[in-house]
Structure formats: structure tokens, C-alpha cells
Amino acid sequence: MASGRSSTPRAVPDALRLLAEVAGRVDDDMLREIARADYGMNEEGYLVGLRRLRDDLVLAPIDLDRDWDHEVLQLVRWSRPDQPGWQPGGAGERGHWMRLFCCIALVMRDASVAPDSRIGEVNDSLGPMLESIAALDVRLADPALAFVASAMERTDPLSRAFLGLGALLLERMRVPADPDRMLAAAHALTAWVEAAEATEYPRDAGRWLFGLTWHDLRHDTWFALIARLLLATGGHMPALVAAELESLGRRLLPDDRARAPALGEPAGGVP
């Protein structure tokens, strides 16, 4: 992992281990850059909330009439750290830590409130969160799985289905990946998607899971992860498990994306 602030390891609940690890990589300059994301508006007010999030692992309740309304978290959530010059947000590894920090906070919030009280949907932030974990250090997959499991306990069926997909992709990132755990995650995902289908009015009835949501600004990120993690399993697991993951991956992807990455195509830090 990249170096960040020096801090004494702290005892935190499993659900907050991911935030604690990432917060330790976010220095004051990075916080200041996040706070400036909304054209520098209300920078000092945003810093108060960002410092509390980093230092105390507390995401203050949203209140649009006060200083901390989470707008800058959303703006940095949309950043593309691998595209030089993208603003707002950082570039390269530094940008991934910033984006990961913001995405964790937004998943925390949007998974724990009623859908009509959200700033967005869980899938908006979860996809970029997973991409940054894959780009930075797959050892973050273990605390991320605990974080996702906690979020799944208190959310709605559609969010639970996307979190279930996140759990499957995180299981694939783990080193070494456990075929039995991946198979269990794949079966659970199928059940959660079926539960979401019973409660949601689909935007596109022909698209499995992704057709249930109108929030699609980062579906390209999801599709790239699915192709690299579920289709390109190689010789890393038993053939029957690999075949089931590939079948599930093709079910999730649109027809023009349902292929494994070509030989030599980067795999986003995934083994």
C-alpha cells in the first residue's frame, strides 16, 4: 500500500475496518482537495465533516441547511483517477485513495437510509469503490467484505443485490481466492437479484440486475470488473466453479461486453 498519515492502529468494529484503513492513507492535503471539489465553495465547512469522517470514522447526518451536505463526496466519487487531468479528484494512486475514501462514506450512508432519502443509489458508489480496491491493493478485499456484509443487513432489496455482486467480486479479488466462498456468493447473488426483481419496476426487463436501476453513470466500471473477474478466471480455480462464474458474468454483461479481457489487457490489479 502507498504511504499516508502515520497513525497508531485503532481497534474498530469489523464493519469500519475498511474505512479505518483507507482513512489512514488520506492526508490533510488530500482532504483539502476533496473539500475544494465543489468549485471551492464552502471549503472550510466541508473540511469539518471530512476531518470527522477521517479521524473519528463518523459520517455526520445529511442536512442541506448546514455546512456538511456531502456534495464533495459525490463529486470525487465520479472521478477517474486513471485519466490524467480529470477534475475534481486526484490522479493515479493518490486519486484512488481519495475516491475510495469518498465512496466508502457514500455506501455507508445510502445503504442505511430509505431509498427516497438517498443522495443516489448504492451501485453508483460501490462500483468505483471496488475498482479502486482492485487498483490499489487487493488485501483490502477482506475488510471490504466485512463492510459490505454489514451494509447488506440494513438496506433494501435492490441495494442488497448490488452489494451481493460486490461481495462476489471481492471474493474473487482475495488472494488466494476460495472457490467454495465464491460459489456461495454466486448462489446468494442469484437469490438477492430474484428478491429485487419482485420489488422493483425494471427500466429494462431484458437486463439482469442492471436493468432494475435507472442509475447507470458507472455501469461501465461494473462491466469492466465483471469481465476481468468472472470471465477471465484462467486456471485459478476448479473448472466447474470457473464455468459457473463465467455463466453468471455473461448473464450480467450486455452482449457487446460479454468477453474475457484479451491477452495482455490490464486486469486492474486483480491476480
Side-chain angles (χ1 to χ4, degrees), residues 1-2 4 15-26 30-31 33-35 37-38 46 49-50 52-54 57-60 62 68-83 86-113 118-152 155 159-160 162-167 169-170 173 213 215-226 229 268-269:
M1 294 185 187
L16 290 177
R17 278 195 299 131
L18 178 64
L19 179 59
E21 291 195 31
V22 174
R25 304 289 172 173
V26 177
M30 294 159 80
L31 276 193
E33 190 167 340
I34 296 170
D38 191 15
Y46 284 129
L50 288 167
R52 189 176 185 203
L53 178 62
R54 184 193 67 183
L57 308 182
V58 172
L59 181 64
I62 190 168
W68 179 233
D69 68 4
H70 305 170
E71 176 71 15
V72 293
L73 296 177
Q74 299 173 76
L75 291 168
V76 176
R77 180 258 312 275
W78 297 128
S79 66
R80 301 274 195 177
D82 296 327
Q83 293 186 17
W86 185 283
Q87 291 292 328
E93 187 173 305
R94 180 176 182 276
H96 275 293
W97 286 116
M98 291 167 57
R99 187 178 73 171
L100 181 53
F101 177 70
C102 294
C103 287
I104 292 168
L106 290 170
V107 173
M108 283 173 60
R109 187 199 183 270
D110 286 337
S112 63
V113 298
R118 290 181 184 149
I119 333 171
E121 281 194 6
V122 168
N123 96 79
D124 291 332
S125 304
L126 186 60
M129 184 190 102
L130 297 170
E131 184 183 52
S132 286
I133 288 173
L136 289 166
D137 192 332
V138 292
R139 288 175 294 180
L140 291 168
D142 280 326
L145 279 163
F147 171 72
V148 165
S150 175
M152 291 174 74
T155 197
S159 297
R160 187 172 293 113
F162 274 103
L163 287 161
L165 175 55
L169 297 176
L170 287 165
M173 288 184 207
T213 176
H215 289 245
D216 60 1
L217 285 178
R218 285 296 178 267
H219 282 189
D220 61 329
T221 297
W222 281 104
F223 296 153
L225 287 167
I226 291 166
L229 291 165

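By convention here, the first residue in the shown sequence is residue 1. Everything quoted here is computed from the prediction, not taken from an experiment.
Atom CE in M98 sits 11.0 Å away from atom CG in L73 (nearest 0.5 Å). The CZ atom of R94 sits 13.0 Å away from the CG atom of L136 when rounded to the nearest 0.5 Å. Rounding to the nearest 0.5 Å places CD of E121 at 7.0 Å from CZ of F162. The CE atom of M129 sits 6.0 Å away from the CG atom of L18 when rounded to the nearest 0.5 Å. From L57, atom CG reaches atom CG of L19 across 5.0 Å, with rounding to the nearest 0.5 Å. Expressed to the nearest 0.5 Å, how far SG of C102 lies from CG of L53 amounts to 8.0 Å.
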**Q.** CA sep, side-chain torsions, deciding dist, call: H219, T213, side-chain contact (heavy atoms from CB on, under 4.5 Å)
**A.** CA-CA 10 Å; H219 282 189; T213 176; 3.6 Å; yes
Q: Evaluate side-chain contact (heavy atoms from CB on, under 4.5 Å) for L16 paired with M108, printing each intermediate quantity in order.
A: CA-CA 10 Å; L16 290 177; M108 283 173 60; 4.3 Å; yes
Q) Going through the distances and angles, do D82 and H96 end up as a side-chain contact (heavy atoms from CB on, under 4.5 Å)? A) CA-CA 8 Å; D82 296 327; H96 275 293; 3.2 Å; yes
Q: Start with the C-alpha gap between I226 and L165, add the side-chain angles, then the distance that decides, and say whether side-chain contact (heavy atoms from CB on, under 4.5 Å) holds.
A: CA-CA 9 Å; I226 291 166; L165 175 55; 4.1 Å; yes
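Donor-acceptor pairing under 3.5 Å is recorded for the side chains of S125 and R77.
R54 places no side-chain N or O within donor-acceptor distance of the main-chain N or O of L31, the cut-off being under 3.5 Å. A donor-acceptor pair under 3.5 Å is absent between the side-chain atoms of R218 and the main chain of N123, judged by distance alone.
Across I34 and V72, no two heavy atoms sit closer than the pair O-CB, 3.2 Å. In plain terms, the two heavy atoms of T221 and G127 that are nearest each other are CG2-O, 3.6 Å. The nearest pair of heavy atoms linking A141 to I133 is N-CG2, 4.3 Å. Minimum interatomic distance between P128 and D124 (heavy atoms only, all atoms of both residues): CD-O, 3.1 Å. Here the closest heavy-atom approach between residue E131 and residue L225 is recorded as N-CD1, 3.8 Å.
By the 4.0 Å N-to-carboxylate-O rule, E21 lies too far from R139 to be salt-bridged with it.
Between V76 and E33, every side-chain heavy-atom pair lies at or beyond the 4.5 Å cut-off. Residues L50 and V26 are not in side-chain contact: their nearest non-hydrogen atoms beyond the backbone lie 4.5 Å or more apart. Side-chain contact check for L59 versus H70: some heavy-atom pair is nearer than 4.5 Å.
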